[in-house]
Amino acid sequence: MREHADKLRREGKTLVLVPTMGYFHNGHISLIRKGRSSGDELIVSVFVNPSQFGPEDDYEKYPRDLHRDLDLAEKEKVDCIFAPERKEIYSETFQTYVSLEKLPNHLCGLSRPSHFRGVATVISKLFNIVRPHIAIFGQKDYQQLLIIRRMVMDLNFNIKIVDVPTVRERDGLAMSSRNTYLTPQQRNSARSLYQSLKIAQELVKGETRDADKIISVTKKSILKYPETLIDYITICDPDTLERVETIDGPTLMALAVHVGETRLIDNMILKP
Ligand code: PAF
């Protein structure tokens with residue numbers, strides 16, 4: 001991969017990387033299309049990264065189908081799929097990780113303590129292997145996006161990070177590979193995440209500015225659906241992820257909800 005990418009660079013090509021864990025859905029396709037229009041050579045990595053899964057997480061059962069991904073990639077005119085083996089990325093003697101001091105101590109980082117260390121590590125490795133000019137990430141994983149932007153600045157990666165809006169099903173559910181785990185009843189309950197964000201947006205557009213009040217209304221709107229369990233609902237500063245009490249400018253609302261065994265996330269910038 002490195003030799004190939006170096007050769008393309010020497011030819012003066014602009015390299016775009018779309019890092020993924022595979023099992024493409026329309027969310028990935030929108031990242032790939034953004035990538036396609038952002039440079040000359042589009043490289044998509046497919047690697048289910050073990051270091052970002054905790055011991056209780058779904059690493060083994062995470063959906064995989066490389067053949068299907070290759071077909072879809074070909075249709076989208078991807079130039080190169082980089083799908084390394086686990087042992088190529090993490091040798092037996094591997095021991096160096098990238099971790100951030102503050103941003104992981106909020107939202108998903110609280111219930112998945114080593115998750116962002118795994119993400120930052122694998123993304124650093126992919127950046128060092130491919131050395132792209134541009135890399136594309138989705139806004140659905142808002143905290144991940146923020147962490148990668150911070151890491152790129154802190155570690156002087158010479159890479160432009162481009163973000164792409166969340167792609168949703170017709171009823172608003174954010175596309176995710178994990179949606180495939182849901183039973184029909186759970187799929188119905190999963191609508192509650194986006195619905196609650198819209199309820200919050202409506203409240204903010206009215207006169208409600210109190211974050212606790214909004215959180216309590218949206219909590220109720222989710223819990224009325226069967227099999228839902230709230231991990232967190234947070235209203236916070238979109239740059240630092242520190243909680244805010246009163247909404248007086250664009251503010252991030254982010255949530256993680258277990259629907260049955262499946263943990264789903266979503267977010268929205270609330271604008272008064
Ligand atoms: O968002 C994902 O799919 C993963 O976290 C990423 C960025 C590919 C790193 O493994």
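We count ligands from 1, going down the list as the structure has it; atoms in each ligand are counted the same way. In this chain, residues are counted from 1 in sequence order.
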Ligand-protein N/O pairs under 3.5 Å (ligand 1):
unit_1   : atom_1 : unit_2 : atom_2 : d
ligand 1 : 1 (O)  : Gln144 : NE2    : 2.9
ligand 1 : 5 (O)  : Gln52  : NE2    : 2.9
ligand 1 : 5 (O)  : Gln144 : OE1    : 2.7
ligand 1 : 10 (O) : Gln52  : OE1    : 2.6

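A distance-only check finds no donor-acceptor pair linking the side chain of Arg131 to the backbone of Asn158 [under 3.5 Å]. A donor-acceptor contact shorter than 3.5 Å is absent between the side chain of Tyr232 and the backbone of Ser111.
Expressed to the nearest 0.5 Å, how far OG of Ser38 lies from CG of Leu15 amounts to 12.5 Å.
Residue Tyr59 shares its hydrophobic cluster (ILVMFWY side chains chained together at separations under 4.5 Å) with Met21, Val48, Phe53, Tyr62, Tyr181. Summarising the hydrophobic clusters (Ile, Leu, Val, Met, Phe, Trp, Tyr; side-chain heavy atoms under 4.5 Å, direct or chained), the residues clustered with Leu229 are none.
Leu31 meets the side-chain contact (heavy atoms from CB on, under 4.5 Å) test with Val18, Ile136, Val164; sequence neighbours excluded.
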